[in-house]
Amino acid sequence: MPDIIILGVFVADAAYRTEKMPVTGQTLLGTGFQLGPGGKGSNQAVAAAKAGGDVGFLSRIGADTFGQMGRDVWAEAGVRPLVIEDPERPTGSAGIFIEEATGKNAIVIVPGAAGAIGVADVEAQARAIAGAKVAMTQLEQPMDAAERFLQIAAEAGVTTILNPAPAADLPEGMLALCDYVTPNETEAEELTGCRVTGPEDALAAAKALLAQGVRRGALITLGENGALFWDGKDAVHAKPMNAGPVVDTTGAGDAFNGGFATAMAEGQIVEAALCFATAVAALSVTKHGTAASMPSRPEIEALL
């Protein structure tokens, strides 16, 4: 059984680079285009595996070229594919718009086959989920599948991580299935109503998340301000790292989450896990792409 099991979506990313972000009704000439593997769950699985984790990825893909792209990238990264090939639906896709000067991005995702992930798919992998050290999911697939995934893991004593992205209303009691929750500023505000602009605001939001049931800690990622962790007693501000010029922030949050999952599966203390995850994210933004930008373990150790 894999040490880390991740439930999530795989999509093919079509990334368009422009000098500035388009606005409604505007047509721009782009400066570059890249087609590659994406989806938060898949990105996190690749990040965790390349960081040294033993990872299984649970998803649905279509019987098509994009689905084969997913299989190829998982094989290269060392991810075990616990995937269902859906003959009725295409593999998902995403359109990504990247501002050349800043690396900022805007994304539209169509889950495709992964949008049909159901409770039965999760229950079919119950033995693998219960046998893992860490179980992590996000909210790109249907909510009932994510909730059942966390429930199976929590009942088995597996460390559970929820990356609540994209932001959505959660069923009552779902946060109580989570040892750790890892929103960014926007997602933390959606979940708590607390506006988050920096570490002080993040602490208030983190406290609110624990009050809603999160069991061991809230970890709010703050972009260029690092990350803030609160476990109910102590706050830790993980400062950002500089690994080189920022060229593309797409997938930085997925890199962080994948790194955090690997560190936790290895038994690192939270402070060390935060540092490890920060290094993974810092390295990822120095390269173009999502899965392609995830750093190797030697690169992470060199930065640390």
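In summary, the aromatic rings of Y180 and F260 are positioned with their centroids under 6.0 Å apart.
Remark: side-chain polar atoms of K50 are paired, donor with acceptor, to backbone N or O of M294 under 3.5 angstrom. Formation of a donor-acceptor pair under 3.5 Å by the H237 side chain with backbone atoms of N225 is found in this model. At distances below 3.5 Å, not a single donor-acceptor pair connects side-chain atoms of T159 with backbone N or O atoms of V134. Looking at D13, its side chain never comes within 3.5 Å of a backbone N or O of A15 through a donor-acceptor pair. No donor-acceptor distance shorter than 3.5 angstrom exists from the side chain of T286 to the backbone of V246, with no hydrogens or angles considered. Of the possible polar contacts, one joining the D121 side chain to the G118 backbone as a donor-acceptor pair under 3.5 Å is found. Judged by distance alone, the side chain of D64 and the main-chain N or O of T91 form a donor-acceptor pair under 3.5 Å. Side-chain N or O atoms of S59 include none that pairs as donor or acceptor with a backbone N or O of G41 at under 3.5 Å. In terms of modelled atom types and a separation under 3.5 Å, the side chain of T160 and the main chain of L177 share a donor-acceptor contact. Of the possible polar contacts, none joining the N163 side chain to the A165 backbone as a donor-acceptor pair under 3.5 Å is found.
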(request) Please test V158 against K133 for side chain to side chain contact (heavy atoms under 4.5 Å, CB included), starting from the C-alpha separation and ending with a verdict. (result) CA-CA 5 Å; V158 178; K133 294 178 180 177; 5.8 Å; no
Go through the steps to decide whether Q138 and E140 satisfy the test side-chain hydrogen bond (donor to acceptor under 3.5 Å, both in side chains), and finish with yes or no. CA-CA 6 Å; Q138 326 73 32; E140 287 183 333; over 6 Å; no
Requested in this report: For the pair Q125 and E123, evaluate side chain to side chain contact (heavy atoms under 4.5 Å, CB included) and give the outcome as yes or no after the intermediate values.
Outcome: CA-CA 5 Å; Q125 294 293 342; E123 291 178 341; over 6 Å; no
| message | side chain to side chain contact (heavy atoms under 4.5 Å, CB included), that's the test. Do L58 and V83 meet it? Break it down for me. | response | CA-CA 5 Å; L58 173 55; V83 300; over 6 Å; no
Q: Go through the steps to decide whether L222 and L228 satisfy the test side chain to side chain contact (heavy atoms under 4.5 Å, CB included), and finish with yes or no.
A: CA-CA 7 Å; L222 302 169; L228 190 286; 4.1 Å; yes
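Of all heavy-atom pairs spanning A208 and C194, the tightest one is CB-SG, 4.4 Å. Among all heavy-atom pairs drawn from F229 and R216, the shortest one is CZ-O, 4.0 Å. Summarising the geometry of I5 relative to A128, their closest heavy-atom pair is CD1-CB, 3.9 Å, with the distance given to 0.1 Å. When every heavy atom of L274 is checked against every heavy atom of T278, the shortest pair comes out as O-OG1, 2.7 Å.
We find the OG1-CD1 distance between T137 and I117 to be 8.0 Å, quoted to the nearest 0.5 Å. Here the straight-line distance linking atom CD1 of I161 with atom CD of Q44 works out to 9.0 Å at 0.5 Å rounding. Once rounded to the nearest 0.5 Å, the distance linking OG1 of T290 with CD1 of I96 reads 6.0 Å. Atom OG1 of T197 and atom CD of E185 lie 8.5 Å apart (nearest 0.5 Å). If you take CZ on R60 and CD on E85, they are separated by 11.0 Å, rounding to the nearest 0.5 Å. Taken from CD in E299 to CD in E301, the straight-line distance is 11.0 Å, to the nearest 0.5 Å.
A salt bridge is absent between E76 and R71: the closest approach of a Lys/Arg side-chain nitrogen to an acidic carboxylate oxygen does not fall below 4.0 angstrom. Classification of E266 and R297 as a salt-bridged pair holds, one side-chain N sitting under 4.0 Å from a carboxylate O.
Under the 4.5 Å side-chain heavy-atom criterion for Ile, Leu, Val, Met, Phe, Trp and Tyr, L35 and V73 are members of the same hydrophobic cluster. Side-chain heavy atoms closer than 4.5 Å link hydrophobic residues (I, L, V, M, F, W, Y) into clusters, and following such links, possibly through other members, connects V236 to F256. In the hydrophobic clustering of ILVMFWY residues, with side-chain heavy atoms under 4.5 Å counting as a link, L203 and V270 come out apart.
Under the 30°/60° scheme for interplanar angles, the aromatic rings of F33 and Y16 are found to be tilted.
Put simply, the side chain of F276 reaches to within 4.5 Å of the side chain of Q268, judged on heavy atoms. Using a 4.5 Å heavy-atom threshold, the side chains of V9 and S42 count as separate. With contacts defined as side-chain heavy-atom distances shorter than 4.5 Å, the pair L209/T192 qualifies. Annotation: side chain of T262 is in contact with side chain of I4 (closest heavy-atom distance under 4.5 Å). At a threshold of 4.5 Å between non-hydrogen side-chain atoms, the residues P2 and V55 do not count as touching.
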